[in-house]
Amino acid sequence: MSKRIHLLLLFILLWCCPVSIYAQYADSLNVGILEQFQEAQDSQQKLKLFFTTQNRYVDDSAYDWLEVVNVYLSSSEKTSDSLAISSYKLMQAQLYHDIGDHDKSIAIAKEAFKDKDSLDIELNTLILNLLDDNYGRLQMYDKQIEIREQKTALGISEGVNFYDIYANMGLYRKAMKEYILAVKPTIPDNDHLALAKHHNKVGDYLRMDKSSATAITEYNKANGFLEVFINDISKPKTEIELFETEFLKAEIAGNIGKCHVMLKNYIEALPYLKESIEVLSEYNNGKFNEQITDNTLNLAEAHLQLDNNKTAKRLLESPYQNVTVQQELKKNRLLASYYDKIENYQSASQYYKRNEHISDSIKANELSILKQQLVAIVGTSDLENSRKLINEQKLANEKFRSEIQAKDERIFLVYISLVFILLGFAGLVYAYLKSIKNQRLIAEQKHFIENSLKEKESLLKEIHHRVKNNLQMVSSLLSLQTRNTKSKAAIVALEEGKSRVKAMALIHQKLYQNDDLSVIEMQGYIESLINSVQSVYKKGGHNISITVDAEGTELDIDRAIPFGLILNELVSNTFKYAFPESDENGKIYIHLRKNGEQGYFEYADNGVGLPEDTDERTNSSMGLRLINRLVNQLQSKLNVEKTNEGVRFWFNFK
């Protein structure tokens, strides 16, 4: 059975689903969405139907909806039904947003949000999401950040990241990094559909950052996870999941095609773009209009570059729905190129002029947005005071001017003095307003930076925690290997390796437990390390007295790891070899100090000491070679003193 028949069967099954799915595809039934809305019993059912219906404007325009909602809002205000009033105002704000009157939408949504304490979390979430979207459309990113902070304060976890704001600002690499950090840890390893969506999104960021070749790699990964999801017969799939899978596959194909166009691989781009347009257009309910337009324009560009001019013109002149400004610019540019190719320069010039007019409109719009940003930052009350002050100054100046005409030169000099005083005062007012603006900007940036630092500290702690867990897993694997190994030499080597891994894992454990992630408090770390080594080698019960003198000493991770491994080797050697007969009077002394840039380390025990052939063993002993290399890593040299009772190691470090 063909793919189209399969999709048609899915749609027939979807028509039999509950009300929310029924509403999304009701355009195939006789009853219109607006009529269903009017037949709903109360405001809450109307609200649910309104926001769960994605294609509510198929039969009726947003203006038709607005007229009906206004009637219900007026009736609710007469009966003082506060919940209904909030619901209809929210629908009203959404309709103004869809019409494109974002200022009106923001004003209504703000009015509804004043009653946030009496509204449930779902209504508050809808209002804040609407405000967030409106501010995003107006490019008022500072206001978007405020809305997301309010979401966090209300306990709303959805949509409180900032990667979409970075993308809107053109910072695609930063947006991608933030997206991966925020989303990837939340996806289970066996959720192949979510992984496919994730890699598709990462590919989008790379494509928008002009890294087309790398983006294709991500899209191929997304296709791979999608194939695994489709072929996994152990997991039952709903009709909606199968439907979503088909369209995600078509979306990925379109994205790969667009990347090939950017790479000028026009022949390779054609099948991907055709497949995507065919599937997305088959059952498009308005959701994929922008993607279909993008893919069609890229397909036209590929044909134009391959000199298939008639096909390119047919695609460019096909009807488009809800074309964005950037798409309109690209369409005009391609039509101009087409007419250049056929030497119809007059028509080409018309399309170039259209793009110039659009560009001028964009610049004017950006200027308007900049003014709105300044109003949001400085505050309307300060601007009103400034206007009043300027008007008063104008009136005073005109009064002085009329008096100057009837007065002598001495009055004229007084007038000049007053003018200078007023100019100085205006300068002070301007400096004061600019100072307020700068202070607010600094406060907002400080708040943003503090939030970013908190997020980074949390992520860094999580990384150390995961590294510690991974090292513990390695230690567990070595333990399992030890149980399955009969060779005593191999068992000893595995136990030593496990002890070294534990020493490194302990570093990362101490780091994520500390408030300060840059340094480790060595007294506690050394004591914990000794306990860990004792658990491995203290089989018959040691009576060794251990003295640790490292109180108040802190080291960074680059020095702490070598010290941990050195101590691990020295303590292990003491437990294994220093007291072969009895350890009743055994002693270990560990001293570590760091003053400024200079440090000193000393380790001593009163055991049997080192054998006479220590120098020869140094080249063959894994432990001694490791200690010497670690000391060299600390840019120092190991000193060894053989005494009658025991041995002493020491070195200086920076």
Are the side chain of [X] and the backbone of [Y] linked by a donor-acceptor contact shorter than 3.5 Å?
X    : Y    : result
S276 : A250 : yes
D101 : K104 : yes
R173 : D209 : no
Q327 : E290 : yes
N355 : Y352 : no
T53  : L49  : yes
K89  : A112 : no
N70  : L66  : yes
D191 : I187 : no
N220 : I216 : yes

Could you walk me through whether K258 and E301 satisfy the salt bridge (charged side-chain N to carboxylate O under 4.0 Å, His left out) test, starting with their C-alpha distance in whole Å, then the side-chain angles of each, then the deciding distance to 0.1 Å, before giving a yes or no? CA-CA 10 Å; K258 284 181 272 192; E301 183 178 355; over 6 Å; no

Evaluate the side chain to side chain contact (heavy atoms under 4.5 Å, CB included) criterion for residues L297 and L315: first the C-alpha distance (whole Å), next the side-chain angles of each, then the deciding distance (0.1 Å), finally the verdict. CA-CA 7 Å; L297 290 174; L315 290 168; over 6 Å; no

Side chain to side chain donor-acceptor pair (under 3.5 Å) evaluation trace for H447 with E149: CA-CA 11 Å; H447 182 72; E149 288 172 350; 2.6 Å; yes

Do the charged groups of [X] and [Y] touch, with an N to O distance under 4.0 Å?
X    : Y    : result
E241 : K235 : no
E146 : K143 : yes
D294 : K330 : no
K48  : E122 : no

Among side-chain atoms of [X] and [Y], is any donor-acceptor pair under 3.5 angstrom?
X    : Y    : result
S337 : D340 : no
N344 : S347 : yes
K274 : N295 : no
D98  : Q94  : yes
E218 : N200 : no
D232 : H192 : no

Report the C-alpha separation of R314 and H303 in whole Å, then their side-chain angles, then the decisive distance to 0.1 Å, and conclude whether the side chain to side chain contact (heavy atoms under 4.5 Å, CB included) test is met. CA-CA 11 Å; R314 177 178 56 79; H303 279 296; over 6 Å; no

Do the non-hydrogen side-chain atoms of [X] and [Y] ever get within less than 4.5 Å of each other?
X    : Y    : result
V69  : L95  : yes
Y345 : Y339 : no
Q305 : K264 : no
Q36  : I33  : yes
M91  : F51  : yes
K197 : E244 : yes
I256 : N223 : yes
Y179 : K201 : yes

[atom1]-[atom2] distance between [X] and [Y], expressed to the nearest 0.5 angstrom:
X    : Y    : atom1 : atom2 : answer
M176 : S211 : CE    : OG    : 7.5 Å
L154 : Q150 : CG    : CD    : 7.5 Å
S318 : L316 : OG    : CG    : 7.5 Å
T311 : L306 : OG1   : CG    : 10.0 Å
M140 : I147 : CE    : CD1   : 10.5 Å
N129 : R148 : CG    : CZ    : 9.0 Å

Name the orientation class of the two ring planes belonging to Y205 and Y163 (parallel below 30°, tilted from 30 to 60°, perpendicular beyond 60°). perpendicular

Would you call the rings of H199 and F225 parallel, tilted or perpendicular, where under 30° means parallel and over 60° means perpendicular?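 Parallel: the ring planes of H199 and F225 meet at under 30°.
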
Nearest heavy atoms of D59 and G32, plus distance in Å: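 Distance-wise, the nearest heavy atoms are OD2-CA, 4.0 Å.
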
At their closest point, which heavy atom of A167 faces which heavy atom of A175, and how far apart are they? N-CB, 3.6 Å

Give the intermediate values and the outcome of side chain to side chain contact (heavy atoms under 4.5 Å, CB included) for residues V68 and Y88. CA-CA 10 Å; V68 173; Y88 291 126; over 6 Å; no

Under the salt bridge (charged side-chain N to carboxylate O under 4.0 Å, His left out) rule, what do D307 and K341 come out as? Steps first, then yes or no, please. CA-CA 9 Å; D307 293 328; K341 281 198 167 198; 2.8 Å; yes

Against the six-membered ring of F50, is R56 placed for a cation-pi contact (under 6.0 Å from the centre, within 45° of the normal)?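 Judged by the rule (NZ or CZ under 6.0 Å from the ring centre, within 45° of its axis), R56 counts as positioned above F50.
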
For the residue pair K237 and F229, would you count it as a cation-pi contact if the rule is NZ or CZ under 6.0 angstrom from the ring centre and within 45 degrees of the ring axis?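 Yes, a cation-pi geometry holds between K237 and F229.
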
Centroid separation Y266 to H260 less than 6.0 Å: no

State which residues pass salt bridge (charged side-chain N to carboxylate O under 4.0 Å, His left out) with R207; sequence neighbours excluded, sorted by chain then number.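 Residues passing salt bridge (charged side-chain N to carboxylate O under 4.0 Å, His left out) with R207: D204.
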
